Amino acid sequence: MGLVTSTEMFKKAYEGGYAIGAFNVNNMEIIQGITEAAIEKRAPLILQVSKGARAYAKHVYLMNLIKAAIEDAEQSAGFDLPIVVHLDHGDSFELCKSCIDGGFTSVMIDKSGLPFDENVKITRQVVEYAHDHGVVVEAELGSLAGVEDEVNVSAEDSSYTRPEEVQEFVERTGCDSLAIAIGTSHGAYKFTAAQCTRNEKGILVPPPLRFDILDEVSKRLPGFPIVLHGSSSVPQEFVKIINENGGKMPDAVGIPEEELRQAARGAVCKINIDSDLRLAMTACIRQYFVEHPDHFDPRQYLKPARAAIKKMVEHKLVDVLGCDGKA
Ligand code: G3H
Ligand code: 13P
Ligand code: ZN
């Protein structure tokens, strides 16, 4: 199986009432942590690469590290690990084309910031090229608050997806999946303290996701795969470790796992997670250096960081996405 498109994965996820985890990858340890978790839990995977990740690590390195993970799964566990390699937030036809030509099996064209007709036009152009090359396309309607690559999307710009637009958008573009905005956002600060309430322990409780919009969208697009971006839960144990070991991340808050679980059971087939990987790695490394200020071998601190990613991804695959045993 190896590198696959998401078509079959999404069909099975939709019918089975679970979601596929789409994890952003930037280096070898992140790829190893995620893929080792997927091997352990026999879960299908989407590994996604942003424009920034591609600029940081280079297309060829990421692509070959992912291929190495598939080979390792076969050799070390006799497991045919299905992986979709996906471009996250492609911002131009040229970038999408370059990823398709370079072997990605899925791309996202994100023109959600443009007026509807312009979004349709560029998405359609990407879909035509992608489908000619056996690649699938994710598009987006509605915009999330937070940071997307280097562009700041402020909370005020955030606009929920309008369910009355989704059918026409999907029909006119021919896209294979659709990212919608129902109140998630990118980064480790998804909501300001003013947008939240506090529980009895003083921990911020974010406003609930707009499941009414998700329900409306899925009624209008039965069987069609819906994607949620900005779906890190910002585990408070990592925030605490960071803050107790020299970091400063006050009031970092994410999407409650219960809401992600609910989304995964419905029409949402792909749940995007990046910030939680960064938090796991940063928490581990900060703690390591506080405990071992004299160490300087990267293997010593990257090893526990990779193990922390693996443990966290295993938890997500089993307890949030419900995709364990589905590969
Ligand atoms: O949605 C954005 C992703 O978290 C990618 O972030 O551009 O820093 O790689 P990045
Ligand atoms: P998080 O920042 O919530 O991890 O979102 C990641 C994402 O949507 C990548 O496209
Ligand atoms: Zn995103």
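Only heavy atoms go into these numbers, but all of them, side chains included; no hydrogens, no water, no symmetry mates. As the structure lists them, so they are numbered: ligands from 1, and atoms in each ligand from 1. All values reported here derive from a predicted model rather than from experimental measurement.
Numbered from 1 in the order shown, with element, the atoms of ligand 2 that lie under 4.0 Å from a heavy atom of S275 read 1 (P), 2 (O), 4 (O). When each atom of ligand 1 is checked for a heavy atom of D274 under 4.0 Å away, the hits are 3 (C), 4 (O), 5 (C), 6 (O). Numbered from 1 in the order shown, with element, the atoms of ligand 1 that lie under 4.0 Å from a heavy atom of H186 read 1 (O), 2 (C). Near H89, meaning under 4.0 Å from any of its heavy atoms, are these atoms of ligand 1: 1 (O), 2 (C). For ligand 2, the atoms closer than 4.0 angstrom to any heavy atom of I273 are 4 (O). Within ligand 2, counting atoms from 1 as listed, the ones closer than 4.0 Å to a heavy atom of H89 are 10 (O). Close contacts between ligand 2 and H229 involve ligand atoms 8 (O), 10 (O) [criterion: under 4.0 Å to a heavy atom].
Looking at ligand 1, you'll find an N or O of S50 within less than 3.5 Å of one of its N or O atoms. Any N or O atom pair closer than 3.5 Å counts here, and H186 shares at least one such pair with ligand 2. Any N or O atom pair closer than 3.5 Å counts here, and N24 shares no such pair with ligand 2.
Of the possible donor and acceptor atoms, one in the side chain of T105 sits under 3.5 Å from a partner among the backbone N and O of V85. The backbone N or O of V234 sits nowhere less than 3.5 Å from a side-chain atom of S232 that would complete a donor-acceptor pair. Side chain of T161 to main chain of P163: no donor-acceptor pair is present (N/O by atom type, distance under 3.5 Å, no hydrogens or angles).
Side-chain contact between R198 and I203: absent, with no pair of heavy atoms (C-beta onward) separated by less than 4.5 Å.
When each of Y288, Y301, F289 is paired with H295, the ring pair (Phe, Tyr, Trp, His ring centres under 6.0 Å) condition holds for Y288 and for no other.
Neither the backbone nor the side chain of H229 comes within 4.0 Å of ligand 1, counting heavy atoms alone. Within the 4.0 Å heavy-atom criterion, the part of D88 lying near ligand 2 is the side chain and not the backbone. Using a 4.0 Å cut-off between heavy atoms, R278 contacts ligand 1 through its side chain alone, with no backbone atom that close. Heavy atoms of D88 found under 4.0 angstrom from ligand 1 belong exclusively to the side chain. Only the backbone of S231 comes within contact range of ligand 2, with a heavy atom under 4.0 Å; no side-chain atom does.
H186 contributes NE2 as its N, O or S atom closest to the Zn ion (ligand 3). Among heteroatoms of the N, O or S kind in H229, ND1 lies nearest the Zn ion (ligand 3).
Between K12 and E15 no salt bridge is recorded (no basic side-chain N to carboxylate O distance below 4.0 Å).
In the model, T7 has no side-chain atom that pairs as donor or acceptor with a side-chain atom of D176 under 3.5 Å. In this model, a donor atom of one side chain and an acceptor atom of the other lie less than 3.5 Å apart for N24 and Q48. Under the 3.5 Å distance criterion, with hydrogens and angles disregarded, a donor-acceptor pair is assigned to the side chains of H315 and E257.
Judged as a side-chain contact (heavy atoms from CB on, under 4.5 Å), and not counting sequence neighbours, the contacts of D117 are R172.
For atom 8 (O) of ligand 2, the nearest non-hydrogen atom of the protein is G230 N, 2.7 Å.
The closest approach between a heavy atom of Q48 and any atom of ligand 1 is not below 4.0 Å. The shortest separation from a heavy atom of K190 to ligand 2 is under 4.0 Å, placing the residue in contact.
Note on Y160 and L114: same hydrophobic cluster, where clusters join Ile, Leu, Val, Met, Phe, Trp and Tyr whose side-chain heavy atoms are under 4.5 Å apart, directly or indirectly.
The distance from the CD1 atom of I31 to the CD1 atom of I83 is 8.5 Å, given to the nearest 0.5 Å.
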